[in-house]
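Numbered from 1 within each chain, the chains take letters A, B, ... in sequence-line order.
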Number of protein chains: 2
Amino acid sequence: MDVDTRLLRYFAAIAEEGNLTRAAHRLFVSQPSLTKQLKHLESQLGVRLFTRSSTGMKLTEAGHVLAARVPPVLAGWDAAVSETRGAARVLRVGFLSSAANDATQDVVAAFGKVRPGWRVDLRQAPWSDPTAGLAAAEVPVALLRLPFPGEETFGVRTLFSESRCVALPSTHRLAGRDSVPFREVRDEPVIVAPALKGAWRDHWLAMSERDGREVRVGAVVERPDEFLSAIAGGYGIALVPSSASHFHSRPDVVYVPVTGVSPSEVAVAWLPDAGEAAADFVRCCLEVTRSRRTGCGTRWG
Amino acid sequence: MDVDTRLLRYFAAIAEEGNLTRAAHRLFVSQPSLTKQLKHLESQLGVRLFTRSSTGMKLTEAGHVLAARVPPVLAGWDAAVSETRGAARVLRVGFLSSAANDATQDVVAAFGKVRPGWRVDLRQAPWSDPTAGLAAAEVPVALLRLPFPGEETFGVRTLFSESRCVALPSTHRLAGRDSVPFREVRDEPVIVAPALKGAWRDHWLAMSERDGREVRVGAVVERPDEFLSAIAGGYGIALVPSSASHFHSRPDVVYVPVTGVSPSEVAVAWLPDAGEAAADFVRCCLEVTRSRRTGCGTRWG
DNA sequence: CGTCTTCCTAACCTGACGGCATGGACGTCG
DNA sequence: CGACGTCCATGCCGTCAGGTTAGGAAGACG
């Protein structure tokens, strides 16, 4: 019988949580989707795995059997993937476009010295995935920004902090300022990405600085160019890392440093069972950024 | 990293065959589909698994590693499924509508005596699947007709043979006959199902009796009612098991016994690792049919 | 040098999956 | 005892992945 291994991870999560809603939240999917997936699994097996009630889900006898057998299967598969990648001497590294920069090549070079013969396969993650492929285990290690959903389940090391700016249309009343306190812009509509959820959303909308005020959404965008156009068009503003002013400069968009919001952190994160090569890569990240910080004073971003 | 286990079986088949086309044939999918799936797997892994050439596919080093790890993973999953179903004391049995009949309930009753507390979950297979769910391992055991695709890879026991008829519109020139030699109808257009392929196709079109003559397809139908309408409408004729005359009788369709074609066999088939309960079911099938044949003379179908 | 084999690509279609909005059952609390 | 909260199920819809057929390039072979 064939199933997607994702479905097995869903089942394992539901079994652990004993609660569909909670499991859905943990897996970053909607609860109806989990309901459907689980029914699908049960129907394929022809076996009821949980008894449902308004107080939660409880494993049936057969469910217990499956719950005991699934984790080793998943572990076996994950190990197979990791060994295969190791045999190819390829380290795949996910990154958010906003988290990689000119230091990245130094990290790759350092890794090349530690692991001669290996190739680093840098994969830019789509905007919609703040985990840069880590959550789906498409990559064993990634360069990304904190906070991100599922942060607790991975190894994480912060590389450096970076202040934040507000992106404004060049015609905006605050466009000429050297710096702006966040409260002066917190009532403006904001541009958001569809995937902005949970702690990730709270961070980039600076929810903690809004005193519970409603967020007005000016536009929802999928890609960076849409994002910039939305800003330029006056549909709203957005918080971005300072380095965005380098990588996304446009005449009709200005970036003004913002005070009163926490800085954004760039980090390297890895899967629990990422393997030795990934650990080496993490070490290289830490060494390169330390020498940059303490050395010639060059700043990332 | 998440994949459908079907993809792993595809990979294993390609690795064994060393040839996409042959593997596609064995898996009953088209070769382009395999190409795409394999590329998908490689891209998810970020690793090239085969070197391609016009002479076939050859595993890379990394491919060998994966090929060694995948079978245990699949075996683990299959065992988990089988144990889970066993724990639920449910035996799921697939059947073709044309292969089950009034003896089936006797088999189920006999099984109930051998395995008290167990439930038999009879699942009618869609017309498009001559393996009745066996090939996809949706069921561990099935009642079906020989030949069927992939027959060699399963356990098979023939239960009984049944002569074949030709289904004709009641207005057909041969509709009144008591019996018809196959060569008298072999030039008529035939009604076929989309899934008619390979040996299954050869059997139901009686290819071996056509002396290499082209088959004219009168219509392609998805479901039994369409099939009957196509016959009644004069779009073509078709070979069917004699028992169809009971289960699909219609005033505008007649069934005439055909000579010169091999009989159709009803069989029980099971997965190699189907388990004890399935083995018991097979035994019950054999006992019930033997007693029916040698006993009171009642005929199946 | 044609022919066959083998794999890749393109275009199209269908079915499955995920999300949102909503409904129904059950337990809890004022 | 009624209102509310929690939890799971269902219906609808848009998107995407997987399948199929058709067509093409590259190498092996007689």
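Counting to the nearest Å, the P atom of dT6(D) and the NE2 atom of His25(A) are 14 Å from each other. Between the CG atom of Leu27(B) and the C1' atom of dG18(D) there is a distance of 14 Å, given to the nearest Å. If you measure from atom CZ of Arg6(B) to atom C1' of dG15(C), you get 12 Å, rounded to the nearest angstrom.
The number of heavy atoms from other shown groups lying within 6.0 Å of CZ (Arg89(A)) does not exceed 12. Within a 6.0 Å sphere centred on CZ of Arg22(B), other residues, nucleotides and ligands contribute more than 12 heavy atoms. Taking a 6.0 Å sphere around NE2 of His25(A), one finds it holds 12 or fewer heavy atoms contributed by other residues, nucleotides or ligands.
To the nearest 0.5 Å, atom CG of residue Leu38(A) and atom CZ of residue Arg48(A) are 8.5 Å apart.
A salt bridge is absent between Glu138(B) and Arg92(B); no separation between the charged side-chain nitrogens and carboxylate oxygens falls under 4.0 Å.
Side chains of Ser33(A) and Gln37(A): a donor-acceptor N/O pair is absent below 3.5 angstrom, by distance only. Checking Ser264(A) against Arg145(A) by side-chain atom types alone, a donor-acceptor pair falls below 3.5 Å.
Residues Thr131(B) and Leu144(B) share a closest heavy-atom pair of O-CD2, 3.6 Å.
DNA chain D is contacted by Tyr10(B) of residues 7-24 of chain B, taking any non-hydrogen atom closer than 4.0 Å. Contacts between residues 32-42 of chain B and DNA chain D, counted as heavy-atom distances below 4.0 Å, involve Pro32(B), Ser33(B), Lys36(B), Gln37(B), His40(B). Taking every heavy atom of residues 43-62 of chain B and every atom of DNA chain C, pairs under 4.0 Å involve Arg52(B), Ser53(B), Ser54(B), Gly56(B), Met57(B), by number.
Remark: the Gln31(A) side chain and the dC7(D) base include no donor-acceptor N/O pair separated by less than 3.5 Å.
Checking side-chain atoms of Trp77(B) against main-chain N and O of Met1(A) turns up a donor-acceptor pair under 3.5 Å. Arg123(B) places no side-chain N or O within donor-acceptor distance of the main-chain N or O of Asp121(B), the cut-off being under 3.5 Å.
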